[in-house]
Amino acid sequence: MKVLVDSALCVGHGRCYVLGPEVFREDERGRCWIDSHQVPRELEDQARLGEANCPENAIRLETQ
Amino acid sequence: MTVENPNPETGEINLVDREFAAAPQPVYRRVLSRCPIARSSFGAGPVLSRYEDVIWALRHPEIFSSEMEVQMALGTERPMIPQQIDPPAQTRYRKILDPRFSRRRMAELIPQLRSQANALIDRFIDAGECEFDGAFAIPLPCTAFLSLMGLPQKDLDLFLELKNGIIRPQVDPGDVEGATRVRSTSGKRIYAYFEAVIDERAAQPRDDMIGYLLGAEIDGNKLSHTEILDICFLLLLAGLDTVTSTLGCNIAYLAANPEHRRRLVADPTLIPGAVEELLRWETPVTCVPRVIKQDLTLHDVAIKKGEVVTLLLGASNLDESEFVDPERIDFERKRNRHIAFGAGAHRCLGSHLARMELEVALEEWHRRIPEYRIKPGETPRYSPGIREVQYLPLVWNTQR
Ligand code: HEM
Ligand code: SF4
């Protein structure tokens with residue numbers, strides 16, 4: 001699975017890094033960043049939770 | 001006979017009566033299914049309720065502006081920063097403010113807040129009853145605010161008095177002039193209070209919120225004292241009643257729904273999910289206003305430049321095109337993109353603080369008082385506008 005975050009849409013609700021802390025990280029301003037687009041299998045649930053709870057629809061998941 | 005809300009004949013929705021405040025969900029359900037664009041019975045402006053429309057409006061501040069004409073209404077003398085200004089100016093302020101309100105920073109306040117919550121509970125637990133609003137929901141956010149700002153806890157009563165003077169001036173109902181007078185006096189006192197703190201910090205720098213704002217720069221320019229005042233004023237107005245109301249709505253719900261409450265008591269790890277789900281269901285800040293910058297047509301309705309529209313967040317949070325089974329309360333809801341904190345550029349600056357306060361409060365309350373109910377024969381009373389449960393008498397057993 002691949003995860004993409006549209007930083008133009010992210011406004012820092014923080015749902016992603018609270019619900020999926022090993023996939024999504026919090027920057028200084030409380031916005032989301034990711035250190036890798038590739039999601040290891042064991043973290044796919046976290047990626048899904050982040051996507052499902054972002055009110056800005058800023059997170060995209062791609063399953064290969 | 002009372003008229004149904006929204007009125008089926010006129011399409012007018014009444015957002016300011018107590019019945020709506022106490023149980024808005026049936027009104028939302030009707031407005032969602034019948035009128036995507038209703039009219040407010042107060043001012044007649046358009047009311048948007050569907051999730052898709054509301055989130056679109058929130059993301060387009062160039063059409064749905066926050067720069068309202070009536071800034072004086074709440075005792076303020078200038079627009080409140082950043083709530084009443086649009087991007088890009090608003091964005092520059094948020095760049096300074098966001099880091100001070102991040103989740104990480106708010107987590108540092110948890111131990112202090114936990115002990116403050118317990119100190120409040122200590123005062124009434126042995127009595128076996130309390131009026132929740134006055135005893136807990138009002139003072140807790142106020143102590144959190146003082147900690148956040150680095151202000152002395154001894155100013156608690158003064159703060160409560162000043163913010164009440166603005167938000168709920170104690171005058172006879174309908175005495176608009178009196179209310180404006182009380183608001184303007186309280187407004188001046190709030191400005192004066194913060195002005196004194198700003199001068200103090202300017203003379204003797206400290207690493208607290210106001211000290212930080214004094215050092216902060218936008219494009220190389222320091223904030224003026226006036227700008228700092230305007231920010232403080234808004235923080236006071238936005239950070240107290242909102243949390244008070246949410247606490248009241250949550251505890252009233254859990255008192256009336258023991259099966260949900262017992263799940264939280266049995267498994268406190270459900271509390272963060274419960275906070276989100278109850279924010280969705282109760283949406284204590286029912287709506288936000290915007291002023292239209294250009295004529296537009298939406299669902300075949302013409303909306304004119306200059307009109308004030310209401311974005312009904314509470315209805316959006318029950319829209320079945322976004323939420324699976326929106327009428328069901330599910331603390332483990334997998335997908336919950338609720339907008340109780342707004343969305344887009346003006347996303348609540350205090351959302352991380354608010355969530356922290358709500359989680360700590362629900363944890364400590366249920367650890368100490370797991371079984372409680374609304375006092376028999378009594379009915380909670382909700383205020384229109386922000387849904388504060390102004391009267392919430394609770395009782396519990398004191399024998400262990
Ligand atoms: C559960 C409690 C709270 C709720 C439901 C809530 C709700 C909201 C909503 C809906 C907005 C968007 C307003 C708009 O779009 O016009 C907002 C904005 C704001 N809130 Fe909150 N709020 C809460 C707590 C707090 C706290 C604790 C603080 C600060 C200490 C705070 C500070 C602000 C500020 C400064 C804004 C304006 C942000 C901007 O315009 O950029 N709020 N809040
Ligand atoms: S939930 Fe969405 S808006 Fe919030 S931080 Fe994550 S990506 Fe950004």
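Naming convention: chains lettered A, B, ... in sequence-line order (proteins, then strands); numbering from 1 in each chain.
- Residues from residues 278-287 of chain B never place a non-hydrogen atom less than 4.5 Å from a non-hydrogen atom of chain A.
- R31(A) has its side chain within reach of D98(B): a pair of non-hydrogen atoms, C-beta onward, lies under 4.5 Å apart.
- Classification of the F331(B)-H260(B) ring pair by plane angle, with boundaries at 30° and 60°, yields tilted.
- Contact check on E62(B) versus K293(B) returns no salt bridge, with no Lys/Arg side-chain nitrogen under 4.0 Å from an Asp/Glu carboxylate oxygen.
- Of the atoms belonging to R103(B), heavy atoms from both backbone and side chain fall under 4.5 Å from chain A.
- At a 4.5 Å heavy-atom cutoff, R100(B) makes no contact with chain A through either its backbone or its side chain.
- When heavy atoms are compared at a cutoff of 4.5 Å, E322(B) does not approach chain A at all.
- Residues V31(B) and A315(B) share a closest heavy-atom pair of CG1-CB, 4.3 Å.
- Across every non-hydrogen atom of F24(A) and C32(A), the tightest pair is CD2-SG, 3.7 Å.
- Heavy-atom pairs under 4.5 Å with chain B were tallied for G14(A), C10(A), G30(A), G12(A); the largest tally goes to G12(A).
- Side-chain contact between Y17(A) and R25(A) is absent, with no heavy atoms from C-beta onward closer than 4.5 Å.
- Among residues 336-345 of chain B, the residues having any heavy atom closer than 4.5 Å to a heavy atom of chain A are, in sequence order, N336(B), R337(B), H338(B), I339(B), G342(B), A343(B), G344(B), A345(B).
- K95(B) has its side chain within reach of R29(A): a pair of non-hydrogen atoms, C-beta onward, lies under 4.5 Å apart.
- H352(B) places none of its side-chain heavy atoms less than 4.5 Å from the side chain of R104(B).
- Looking at R59(B), only its side chain comes within 4.5 Å of chain A, counting heavy atoms on both sides.
- Only the side chain of R15(A) comes within less than 4.5 Å of a heavy atom in chain B; its backbone stays farther off.
- Using a distance-only test at 3.5 Å, with no hydrogens or angles considered, a donor-acceptor pair links the side chain of R333(B) to the main chain of R328(B).
- Put simply, the side chain of L213(B) reaches to within 4.5 Å of the side chain of L97(B), judged on heavy atoms.
- Residues passing the ring-ring contact (aromatic ring centres under 6.0 Å, His included) test with F101(B): none are found, sequence neighbours excluded.
- For R92(B) against I218(B), the heavy-atom pair with the smallest separation is CD-CG2, 3.6 Å.
- By a heavy-atom distance cut of under 4.5 Å, L49(A) are the residues of residues 35-49 of chain A near chain B, going up by number.
- In this structure, M106(B) and L148(B) have side chains that are in contact, with non-hydrogen atoms separated by less than 4.5 Å.
- At a threshold of 4.5 Å between non-hydrogen side-chain atoms, the residues L48(B) and W56(B) do not count as touching.
- Counting only distance, with no hydrogens or angles, the side chain of Y93(B) and the backbone of Q83(B) share no donor-acceptor pair below 3.5 Å.
- With a 4.5 Å cut-off on side-chain heavy atoms, S66(B) and H346(B) count as touching.
- N57(A) touches chain B through backbone and side chain together, each having a heavy atom under 4.5 Å away.
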